[in-house]
Amino acid sequence: MLGAETPFPRPRREAWPELVEDPSPPGSGAEDSAGQGIAATTSSSSSSSSLAQRWGEGEERRGAPPLDRDPPRGGEAAGGEEEPLLRGIFQIGKRSCDVVLSARQLRWSPIQPESRGGHSNMNVPCKEESVEMKDIFSVKLKRRRFAGQKKGGMLLGITVFVCLKKENKLKDSAVSFNNLSEDHCHSWFRCLKEILNGFPNRPKSLKVFVNPNSHKREATHVYYEQVAPLFKLADIKTDVTVTEYEGHALSLLKECELHAFDGVVCVGGDGSTSEIAHGLLLRAQMDAGRDTDYILSPVKAPLPLGIIPAGSTNVLAHTLHGINHAVTATLHIIMGHIQPVDICTFSSPSKLLRFGFSAMFGFGARTLALAEKHRWMPSNQRRDFAVIKTLASLKPEECELSFLPLKNSLQGSQENVTTKKERLKKSDSKVQWHTIQDYFLNVSIMAIPCLCSMAPRGLAPNTRLNNGSMALIVVRNTSRAEFIKHLKRYASVKNQFNFPFVETYAVQEVKVQPRTEIGYDTEENVYLHATSAEGNYPWNIDGDLMEGASEVHVRVHPQLINLYGVSIDELDDSKAMCTCL
C-alpha cells in the first residue's frame with residue numbers, strides 16, 4: 001500500500017514512446033491492458049472531469065441515471081454505509097485521489113493539500129465522485145509500450161469501462177486510475193474482476209449471426225466496426241456466422257451445440273431476427289421431444305436473443321431498446337439486461353407455420369408482397385413505392401375473425417361499447433369466442449407494442465412485451481382518404497384508433513378465415529406464387545412474407561423467449577419525428 005501521497009514521476013518525453021492502449025485480443029494478454037480505440041487517452045484530466053460531471057453527487061449531480069440492476073453481493077456497515085473491500089491512492093487526471101471499493105460502488109475524492117502549518121486545507125472544496133459497480137462492464141490493466149510492442153510494458157494503473165445511459169441511449173466511457181505499483185494494481189484488478197464476474201446474466205460466449213444482405217448491406221460493417229470491439233473489451237468470446245441465404249441461420253440453429261453459448265445475437269433487421277427466434281424455439285421443441293408440426297404448449301427458448309439493428313426495418317430492436325442504435329443494443333447484451341417477451345404461434349389446421357411477434361393481414365401484407373417483388377430498389381424507395389401503389393389499388397378483404405378475448409378485457413377504440421357488442425355474435429358462450437365477419441382493409445395481431453420511427457407510440461401501444469395478451473386491431477372498409485388519415489395518425493401523439501372504422505381488442509387467440517379470392521393487382525402480380533390455386537394468402541410476419549393457409553390460428557404464449565433489452569415501461573417517452581405519408 002502506498003503512503004498518504006504517492007509521487008508520480010513524469011518521464012522525459014524523449015525517453016518514452018507515446019502512451020498507447022493494448023491492441024492484443026482476449027486470451028493473448030488483453031486482460032493486462034486497456035482496450036484499444038474505445039478507451040484511448042482516458043487517463044487525461046478531460047476524461048476525469050467528464051465523469052465528474054456525470055456522477056457528481058447531491059445538488060450537483062447531473063447526467064444519466066444508471067439502469068436498475070441488483071449487484072451480486074455486498075454488506076452494509078452499522079451506519080448504512082457499505083464496508084470497503086479495498087482502499088488506496090490513485091492518480092485520476094492530475095490529482096491524487098483516495099479511492100474506495102465496495103461490492104456496490106467505486107468512489108473517489110481528491111486528497112486535501114496540507115498548508116505550511118501541517119494542517120489540511122479545509123476551505124478547498126472536496127467533491128466525492130462514484131460509479132456503481134453494476135454499471136461497470138470491464139476492467140483492464142493499463143501499460144505504456146513502445147511502438148510495435150504488443151505485450152509487456154510499464155504498468156501505469158487500471159482502466160474501468162462504464163455503461164452510461166442518457167434517455168434511451170447507452171454508451172461506453174472509461175476512467176483511468178494511475179498507480180505505478182504492480183502489486184497494488186494487480187490486487188485491485190483481481191478484486192474488481194471478481195465483483196464483475198458475480199453479476200448474473202452477463203454472457204461470456206455468444207453465437208452471432210450476421211445478415212450481410214440486410215438494408216444497404218451494412219450489417220457486416222456495423223458488427224465489425226461497432227459491436228465486435230465492445231464484445232472484445234468485455235472479454236466475450238464469439239462464434240460468428242455470416243449467413244449466405246434465407247433460412248441459413250434456421251438450419252444451423254437446428255444442429256449447432258447451443259450449450260456452448262450463453263446467448264445468441266442477430267445482426268440484421270426484423271426478418272433475420274424473426275427467423276432466429278423461430279429457430280431457437282423450434283430447437284427447444286426438438287430438444288424436448290415435442291412434435292414440431294403441432295405445438296399447443298411450446299417449451300421456452302433455451303438461450304436469450306440479442307438484436308443488433310442493421311436492417312431496413314428494426315421494429316423489434318426499437319421496441320426493446322427505445323432507439324435504433326447498435327451500441328445501445330450491444331451494451332444491453334454485455335450488461336446482461338434480460339427481458340422475458342411474449343411470442344405467438346401461427347398455425348394452419350394441420351401444422352405449425354412459424355413463431356412470431358406480430359402479424360398483418362390485408363394492406364400490411366399486400367404492401368410487403370409488392371415491396372419484396374421490387375428488392376432491386378433502394379429500401380426507402382421500395383417501401384414508399386409499395387405503400388403508394390397498394391393505396392392506389394386499395395380494396396378490402398372479406399374474412400371471418402374469431403377471437404378469444406382476454407378475461408375482463410373486451411377493449412375497443414373510441415367506438416361506443418354497446419354498438420360494438422351488437423356487431424359481435426357469440427359462437428360459443430362457454431369459451432367466450434367472438435366472431436366478426438365483414439370487409440377489412442387491414443388486420444393486425446401483435447404481442448408486442450411494435451415501436452418504430454414511423455409510429456413513436458407503437459403500432460399497438462396498448463400492449464406490452466410480456467402481459468400475456470395480443471392486440472387485435474381491425475380496420476373495416478372505408479374510403480381511401482379516411483384510411484390515409486388513420487395511417488398518418490400513427491406518426492403523431494394522437495390516438496390512431498380514434499376512428500369509427502377501427503376497433504381494437506385484447507385477445508388470447510385469433511382465427512382468421514379469408515372468404516374471397518386473392519390477387520387484386522393482377523398487373524403487378526403482387527402475390528407472386530401465393531395464389532388462390534393453392535389456397536394460400538400473404539401474411540406479414542415480423543417483416544417476413546409468409547404464405548398462410550385459408551385459415552390461420554394465432555395463439556399468444558407468455559414469456560416464451562428472453563431478449564436482451566428492457567421493458568417498455570423503463571423507456572423514456574420517444575420524441576421521434578416521422579415524415580411518412
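Below, each value reflects all heavy atoms present in this structure, side chains not excepted, and no hydrogens, waters or symmetry copies. All residue numbers refer to positions in the sequence shown, counting from 1.
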Practice task
Look at the rings of H332 and H337 and say which category their plane angle falls in: under 30° parallel, 30 to 60° tilted, over 60° perpendicular.
Solution key: perpendicular
Practice task
Using a 4.5 Å cut-off on heavy atoms from C-beta on, say whether the side chain of T292 contacts that of M286.
Solution key: yes
Exercise for the section: Scan side-chain atoms only and decide if T435 and K511 contain a donor-acceptor pair under the 3.5 Å cut-off. Expected result: no
Handout entry: Min side-chain heavy-atom separation P212-T243 under 4.5 Å
Key = yes
Problem - pair N477-D438: side-chain heavy atoms closer than 4.5 Å - result: no
Practice task
Quick one: pull up CG in L353 and OG in S347 and give me the separation to the nearest 0.5 Å.
Solution key: 6.0 Å
Problem - Test item: F355 and I561 side chains (from C-beta on) under 4.5 Å apart, heavy atoms - result: no
Practice task
Indicate yes or no: at least one non-hydrogen side-chain atom of L563 is less than 4.5 angstrom from one of F357.
Solution key: yes
Practice task
Kindly state each residue pair satisfying salt bridge (charged side-chain N to carboxylate O under 4.0 Å, His left out) with at least one member in residues 274-288, sequence neighbours excluded.
Solution key: R283-D287
Exercise for the section: Examine the side chains of T345 and H557 and answer whether a donor and an acceptor come within less than 3.5 Å of each other. Expected result: yes
Practice task
Can you sort out the partners of Y564 under ring pair (Phe, Tyr, Trp, His ring centres under 6.0 Å), two or more places apart, ordered by chain and number?
Solution key: none
Handout entry: Whether over 12 other heavy atoms sit under 6.0 Å from K169 NZ
Key = no
Exercise for the section: Using the salt bridge (charged side-chain N to carboxylate O under 4.0 Å, His left out) rule, collect all pairs that involve residues 348-365, keeping only residues at least two apart or in two chains. Expected result: R354-D544
